[in-house]
Amino acid sequence: MSRHGYKYSAGRLLRHGLTRDAWPRMWRRPERRDSYDVVIIGGGLHGLATAYYLAQNHGITNVAVVDKGYIGGGGSGRNTAIVRSNYLTPEGVAFYDRSLHLYNTMATDLNLNVMLSRRGHLTLAHTDSALRTMNWRAEVNKLLDIDSAVIGPAEVKRLTPSLDVSPDTRYPILGALYHPPGGIVRHDAVVWGYARAADHLGVHLLQETEVFDIICDGGDGPDGKGSGGRVTGVRTSYGDIGSPVVVNCTAGWASLISNMAGVPLAITTHPLQAAVTEPCKVFLPTVVVSGSLHVYVSQTDRGELVFGASVDPVGSYRVNGTLEFTEELAGHVLELMPGISKMRLMRQWSGLCDMTPDYSPIMGYTSVEGYLVDVGWGTYGFKAGPVAGETMAETIATGRAADLIAPFTIDRFTAGDLVGEKGAAAVGH
Amino acid sequence: MIVVPCPNCGPRNSSDLRNAGEVVARPDPATTSLTEWRSYLYLRENPAGWVTETWYCRSGCRRYFTIERNTSTNEIRESESS
Amino acid sequence: MSSQRLPTRAGELIDRSTSLSFTWNGRSFSGHEGDTIASALAAAGVEVFSRGMKYHRRRGILTADHWDPNLSVQVGDEPNVRAGSRRLVDGMQVSAQNAWPSLRWDLGTANQLVGRFLSAGFYYKTFMRPQFLWHNLYQRILRKFAPGGRVHWKTGTHGDYDKRYAHPDVLVAGGGPAGMAAALSAAEAGASVMLVEQEPELGGHLRWGGPDDLTVLADLREALYSTPGIEVLCDSIVTGRYDHNWVAVMQRSHPVVPERLIKARVGSLVVAPGLVERPYVFAGNDIPGVMLAGAVRRLINLWAVKPGSRAVVLSANAEGDAAVADLESAGVAVIAVLDARAGEDIVQVRGRGRVASVQTGDGRTLKADLLVTATGWSAPTSLLNMAGDRPVYDKVAARYFPQSLPDNVLATGGIEGDGSTAELAAHGRETGALAAQRALRLRHERRTQTARSVRPESTPPASVPDNRIPLRRSPHPECYRSTTHGLVDYSEDISSKDLIQAAGEGFDSIELMKRYTTVTMGPGQGKLETVNAAAVLAEVRALDLADIGTTVWRPPFSPVSLGALAGRIFEPVRRSALQDWHEANGATNLLAGQWVRPDHYGDPMAEATNVRENVGLIDVTPLGKLDLRGPDVANLLNLVYVNRWQKLEVGRVRYGAMVTEDGVVSDDGVTGRLADDHYLMTTTSSGAGAVWEMLEDWLQTYRPDWEVHVTPVTGGLTSINVAGPRSRDLLERLVEDVDLSADAFPYFSVRTGTVSGVQDCIIWRIGFTGELSYEIHVPSGYSLHVWESLVSSGSDLGVAPFGIEAQRILRLEKGHYIVGQDTDGLSKAPTAGLGGLVKLDKADTIGLPELRAAFERTDLPVLVGLQPDDPTIVPEEACQIVAAGSNEILGRVTSSRMSPTLERSICLAQVDPSLASAGTSVTVKLVDGRRITATVQEHHAHVDPEGARQRV
Amino acid sequence: MSELEFMSPVGSGHLSTSDGGISLEDISDCTKVLVRAGRGTAAGVHLKVTYGRSRRRRDGTLICGSRPDEWTLLAGPGQGAAVVGSVSDEGFVSIVDISHGRAMLRISGSDSVDVLAKVCNVDLADDMTPDGAVFSGSVAKVTCDLVRDDRDAGRSYLISCERSFGGYLFAAMADACAEFGINVPAGLSVH
Ligand SMILES: Cc1cc2nc3c(=O)[nH]c(=O)nc-3n(C[C@H](O)[C@H](O)[C@H](O)COP(=O)(O)OP(=O)(O)OC[C@H]3O[C@@H](n4cnc5c(N)ncnc54)[C@H](O)[C@@H]3O)c2cc1C
Ligand SMILES: NC(=O)c1ccc[n+]([C@@H]2O[C@H](COP(=O)([O-])OP(=O)(O)OC[C@H]3O[C@@H](n4cnc5c(N)ncnc54)[C@H](O)[C@@H]3O)[C@@H](O)[C@H]2O)c1
Ligand SMILES: Cc1cc2nc3c(=O)[nH]c(=O)nc-3n(C[C@H](O)[C@H](O)[C@H](O)COP(=O)(O)O)c2cc1C
Ligand SMILES: [Zn+2]
């Protein structure tokens, strides 16, 4: 990155500490242009990563990332930051594995410490059918060279001593899918790293700019939208911006944006909630997920437990959160770790998830020329951000869908060829 | 815990009911095309605003009914179609 | 350390006749009933209570209440206890957090030396390479420094919490004068009221006021306790307001449970939380001895603790002035009062473990051990934000005020404006009356809409406009930061300098600033910090504070223990009427969904063999059972099953499979016709609930013209499968009124009869095991008798119970697939081998277009019977079937067992269609990595594919 | 068959406090008959009560309007045939004896309302749920049918659930009663 901007390092930290000089901005507040080669709607991880790889890998720098709020204010700023690649289907595994590779070198690639912590990821099985699914995943993973195996209760206990593995609990832990390279990452830093790098390469980050409409022409729907048409730009709270290519990276809001182009989606938006406790001395070394109990938990370096669950059953755009989420969460966490009942929950929040019928994304070209989607990220899109950005950039630059995203086309629903992640991803994270 | 007004039971906690999602018309299986059928299966309007949806009064009267709910505010009003 | 306890104060909460002993960092102390942990320690002369999170500087009392960021302590196995509000209990073991090895000598203080390098977000800018060092070293060190207390997860258990629902017309959050008055008037207006106060006693700020305040308080309290219809909960916090006025209250000091979560559906919520005093930002503002005016007033007046001996006071308001008076009355020398209203200021405080000197704005240096600030209030608007309000900043009053509230949420007291105690109470009374009005209207409406209620006779109470006389907003100087830098966030150790740096780096919206610096993200969640942080940002960006906004308040209002949120762990379990018998007879249980049922009775292989050779009994009660009556049942069956149903005769049963609208196999079972308009449907055990709801859906919304009544009878009928070549012999001994002979009662028929004297048993002749077998459905109140009769009358026939595991073996030998195990979320009817069953020429069936499409495809996986060539190897379920020379996946083993009948391993597998024909050799990769070969069979069934055994 | 004893899903019989604050009783052996009757049928007319209300017939049978077009008739043990026979089955009517299919408890006493409020989210205030009210809802996470059926001028509720949940429900109710002075027998635990 040194070719593009200010490089961070221990030496720099030392120098700034001694001189007390101000640090430079990580990104600018750019002057908006009237048109760009590519407009990306959504300044979350996916939008920013797409912009970065367009500039970095393909030299396309006349790009704007437009967000109605602040960067990372959507799902990217409110997710529980679990990364892993032990998916169920070969297509899923290949895709997420590439992402994990990009995470591995991200700190140096982006010159920002994203605090990747590959601390090991455990998916607990409490029933024999869950155990069978774990086996299924492990076996597929091994064939694809992913470090993943089913382990027994004793090994679970060794890796994570605070778990109650005794056989007489209501939901005994029969075993777990263990994925050593899985872990967590500092989610905001990932967003800022891409934002900073993209900005240095010339990309415009237009924050607090809301897209109200997509301007189309020639389509079979009203106002030239819909199948057969093409995109000419977007209408925003600061006026129109022209662009032959518009990419929808708005996750929870994906349907609203896509409907603006006349392209309906197989998506419903559901809130997904999360919560943190007050900090306590670190005692939980791994990431623990329990599908049957609908809960996952990890402990941050600051000592808070970060909890998540499955999406709210009722579709909604409301992020207020519910009491029942915290009640169920606490009940389930205490079944796993009865000893932490005196920890206190300090904050709950929620984000929007763009759920597809097969728990897999929708990526690539659509029936409207120049309008591309990178949506349907549901509850698992953070870990996919880097590879989604890389493949979307390739798709835009080459005019042809990248190989890795071929299974995720929008057409698969009309073709009846759904992706088989449905079984494993429901509470997978 | 929102309150869902059941036409039979009156206002009830949503945990007593099940939300069955946006109302989508079912094409006639005898005459439909696959494309139309799959739109019915998968495509949703998913609006941020008023949506007509079905609820099942699971712990109460066990009746299915439709209401309109604003997905941005959780306000609820009677469905025009019901 | 010397005693700082003052002579008796008028409003003191402590009972000097008591003595409670406790330990602090291992040393013994004592206090009185009514003391908080902090007041007892302060009375004993303790000045340092904790260390800062990052730089480990010593910390003393700041606010002396629930929100004090410096007073988090460990009490026994409970971490992060608020020593500023938690009342002392005899025997408490209290210790400091964030200090190692001790509060006095804390090694973490080394961070102070390098503090200048640890600026906002420093960790993002280094440790990038080498990566392994980040993971193996730096991160580990970072984790060692995590703040907070210690959870005793090894010894702790969850148990003693529970919950309660409530439905008050009016719930008042806050028991100060405004809240108390609101509760009173609401009750007088006929509303049921719940008044919630987070402190152990009512009164709010009146508690530490002068004699007039104490008189008002006594009167209000008296009135409250003598007015019916008010439930007063002290030591309880309203922690959240959710949609439709669902309100969470965390009740402490309950006689039975440590904490109880009350979930209240509230007509009107009255928010009367008063105000939170705001710290002032200046150099040294975290040195012990820097306190807020409210803190010294509480210490002196509630707990008779002398907070210092030489004080400087910076006052911008009446609370500061009152603090001066209180300090003087407590014998503290007030050596200077700086009036912020007149532009006076302080610049810096110096001192190591305690304030030593204060530097004033006009250049003086004053020797003092106490600096008191009264620089303004933050409105705790959190509950209002949760109700959708976006409070607005008022520059004149220098705080936030509610803007627009929904009708069912009202605010009163200090959060609404300023006034004398009488004015606050008057506003509270008007608010209470209005809240009651609105709630009673709502109650009227609810009663009208609810079938079971007493219909209201009167017309609904009229809606009244909000005519309350608003409280005034007194001018207050905007005091946020002095000319020096100091801490903004005490629990996160964030200074104004950090915030300015963050803004300069581009984190110049309040939300980005929060995330980069972590300001407001600590346990106090910004109660003290938010406004100061926004003020610093406003300063940097030269904007009005009103244009900066605040970060989002989210529940809970105050942290809540996981135990209390969980409450009792209610996990309903279902037991068949025979489950006690099974357990008494050696069953090892298995949890299947909510059902507890026998997995086996010791030796599942032998149990299976006994079924093949003699006769076995299995309790299959969890099978879903639906009683269907009415003239249109056949139409319904025709719709929901893939096969045809019009021609099923009375006395016959038929197998049926269901798919969802996308063509994926979802359930299966048999349905029998008991009488013309009467059928019994069985479903899978796990699918029972969903199938029932699905039938109701089709009947109610799609075919309301059809006449069918559906009654679930799963638990009411105990289902016993009597299976094995000698099953008929056994049953003949117990069944009187049914001819069991093969001719009279053929395979796939149903009869109703008397078994062992129990009438109305439904017997059908079907079987999952492949043997001659009968499934008897017995009224559950008498089923134990039937089961015991079967056991005792069949001893000579070799009768023995068998469990789920034996059944799994038997059904696999027979090749019966299990929905959800041998099929998955994408398996359509052809995959499951339902080709012969599905009728595509029906006018309507669930999923019909997808069924048609599926049968035209040639690429769908196929379920096949599979046998490893080495009969001793049982591939684990879920093993992958791969191409011989590569890792290409071509299928997977869905079920596998050792067959006791064939004495070899057997499987069902889903394979690529290219491998589906009988005789194909496939490669199976075992869990241990070995690859073996196996051969595709002609049938799913490994044993008796012709079905001869079950037709005898 | 008369010599056969009806086996309740609930192991323990009757728990109560000496001051009469609470009494929890298993009455699963009572007769329960479910009647579904389309509009305009004779059964619907004769049963009279509407959804949400109940009345006692002169023969002592409690007729509960348990759902729209659905009634549950409650009587003493062993009355199944008689109760079934007492309802006209003319037209589109289903009469199903569900005595074996439902567990049933009675909780009475001045504290019963507070016990129920711990495990059931329904507003039990007198104007919302008066004597005779019929309602259903979740009790300790099990869907139950409830009737407020006061006795001797004291509060009393009938609670019934799917038979297989009976043992659990009784344990959960006993647990909720403990606070009010019930001694929960060993072995009766929700955890
Ligand atoms: C609580 C929670 C936990 C999660 N946990 C995990 C996890 O552990 N692992 C994992 O992999 N995934 C997880 N996810 C999912 C993951 O967060 C998302 O899939 C991912 O962040 C999506 O990133 P994105 O960049 O596509 O969208 P977002 O980050 O949501 O960005 C979309 C952006 O679009 C902007 N936008 C919307 N409408 C408009 C408009 N009209 N005009 C302009 N801008 C607009 C929004 O402001 C937003 O910033 C979780 C999600 C949540 C909510
Ligand atoms: N708060 C002070 O320190 C103080 C001191 C002197 C004068 N005043 C004046 O008094 C007025 C305030 O009177 P008031 O009656 O509005 O407030 P109050 O401060 O007298 O009482 C509010 C009460 O609400 C409680 N509370 C806050 N949030 C709660 C929650 N979520 N759940 C339960 N309890 C909660 C607090 O513990 C407090 O006792 C203000 O105008 C202020 O200027 C306040
Ligand atoms: C991984 C993770 C850890 C978090 N940790 C904290 C925390 O320690 N303290 C805190 O106040 N909030 C924490 N948050 C929550 C944020 O404060 C905030 O609620 C979240 O980003 C959603 O934004 P919003 O509440 O402004 O809508 C965390 C969020 C995430 C995603
Ligand atoms: Zn209802």
Side-chain angles (χ1 to χ4, degrees), chain A residues 8-10 13-14 17 22-23 25-27 70 73 90 107-108 111-113 117-118 129 132 135-136 139-140 143 162 170 188-189 278-283 301-303 320-323 326-327 330-331 333-335 337-349 416 418 420 422-423, chain C residues 77-80 116-117 122-129 131 135 139 142-143 146-154 156-158 240 242-243 246 248 501 504-506 509 511-512 515 523 525 554-556 559-563 565-566 569 571 824-826 853 876-880 887 889 892:
Chain A
Y8 296 143
S9 66
L13 201 64
L14 203 67
W23 291 89
R25 288 184 72 94
M26 288 207 189
W27 47 80
Y70 59 99
T108 42
N111 178 232
L112 193 90
N113 186 356
S117 169
R118 307 182 59 168
S129 68
R132 198 177 305 118
N135 264 324
W136 182 0
E139 289 311 299
V140 172
L143 284 167
S162 53
R170 176 66 168 81
D188 285 328
E278 294 181 345
C280 275
K281 297 288 177 261
V282 173
F283 65 92
D301 295 339
R302 288 152 40 92
N320 279 31
T322 63
L323 178 63
T326 58
E327 295 179 75
V333 165
L334 291 179
E335 300 217 20
M337 294 187 272
I340 64 167
S341 58
K342 288 184 178 160
M343 279 189 94
R344 289 195 192 81
L345 193 122
M346 158 171 97
R347 184 180 181 92
Q348 67 175 113
W349 68 92
L418 274 56
K422 193 167 178 155
Chain C
D77 63 356
E78 185 178 357
N80 304 336
R116 54 168 53 199
F117 308 109
F122 75 92
Y123 29 80
Y124 299 125
K125 297 175 181 151
T126 182
F127 308 139
M128 269 87 74
R129 72 173 87 206
Q131 273 278 301
H135 201 195
Q139 200 193 14
L142 211 60
R143 283 168 83 81
R150 206 169 283 285
V151 275
H152 289 230
W153 54 265
K154 275 187 192 153
T157 51
H158 176 55
Y242 300 87
D243 284 352
W246 185 239
Q501 181 208 320
E505 289 189 81
S509 67
E511 293 290 2
L512 281 176
R515 285 159 176 82
Q525 289 286 295
R554 297 231 177 259
V560 178
S561 72
L562 296 178
L565 284 171
I569 296 182
E571 291 284 4
D824 56 61
L826 291 180
E876 267 197 63
E877 287 172 353
C879 276
Q880 299 296 299
N887 280 358
I889 296 171
R892 72 176 193 282

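Note on naming: letters A, B, ... go to the chains in the order of the sequence lines (proteins, then strands), and numbering restarts at 1 for each one. Heavy-atom basis, side chains included; hydrogens, waters and symmetry copies ignored.
Across every non-hydrogen atom of A:R25 and C:G504, the tightest pair is CG-O, 3.1 Å. The two residues A:K342 and C:P79 make their nearest non-hydrogen contact at O-CD, 4.0 Å. Looking at every heavy atom in both residues, A:V282 comes nearest to C:A146 through CG2-CB, 3.8 Å. C:L826 and A:G420 make their closest contact through CD1-CA, 3.3 Å (heavy atoms, listed as atom of the first residue, atom of the second, distance). Between C:G506 and A:W27, the shortest heavy-atom distance links the atoms O-NE1, 3.7 Å. Smallest separation of non-hydrogen atoms from C:R554 and A:Q348: CD-O, 3.1 Å.
Proximity of C:D824 to A:W136: side-chain heavy atoms (C-beta onward) are separated by under 4.5 Å at one or more points.
Between the side chain of A:K281 and the main chain of C:G148, a donor-acceptor pair closer than 3.5 Å is present.
Taking chain C as the reference chain and counting heavy-atom pairs below 4.5 Å, the highest number among A:V140, A:L418, A:L345 is found for A:L345. Between chain C and the options A:A107, A:P279, A:A10, A:G416, heavy-atom pairs under 4.5 Å are most frequent for A:P279. The residue among A:P90, A:S162, A:S341, A:G321 with the most heavy atom pairs within less than 4.5 Å of chain C is A:S341. Of the listed residues (C:A853, C:C879, C:A878, C:G240), the greatest number of heavy-atom pairs within a distance under 4.5 Å of chain A belongs to C:A878. For chain C, the option among A:G73, A:S117, A:A189, A:A22 with the highest count of heavy-atom pairs below 4.5 Å is A:S117. When A:E278, A:M26, A:M337 are compared by the number of non-hydrogen pairs under 4.5 Å with chain C, A:E278 comes out ahead. In terms of non-hydrogen atom pairs under 4.5 Å with chain A, the most contact-rich of C:V151, C:L562, C:L512 is C:L562.
Within the model, atoms CD of C:E78 and CZ of A:R344 stand 4.5 Å from one another, a figure rounded to the nearest 0.5 Å. Taken to the nearest 0.5 Å, the OG1 atom of A:T322 stands 7.5 Å off from the OH atom of C:Y242. If you take OH on C:Y123 and CG on A:L13, they are separated by 12.0 Å, rounding to the nearest 0.5 Å. Expressed to the nearest 0.5 Å, how far CZ of A:R132 lies from CD of C:E877 amounts to 4.5 Å. With rounding to the nearest 0.5 angstrom, the CD1 atom of C:I889 is 5.0 Å from the CG atom of A:L143. Going from atom CG of A:N135 over to atom CD of C:E876 covers 5.0 Å, rounded to the nearest 0.5 Å.
Only the backbone of A:S9 comes within less than 4.5 Å of a heavy atom in chain C; its side chain stays farther off. Looking at C:D243, only its side chain comes within 4.5 Å of chain A, counting heavy atoms on both sides. For C:R515, the parts sitting under 4.5 Å from any heavy atom of chain A are the backbone and the side chain alike.
Applying the side-chain hydrogen bond (donor to acceptor under 3.5 Å, both in side chains) criterion to A:E335, with sequence neighbours excluded, gives no partner residue.
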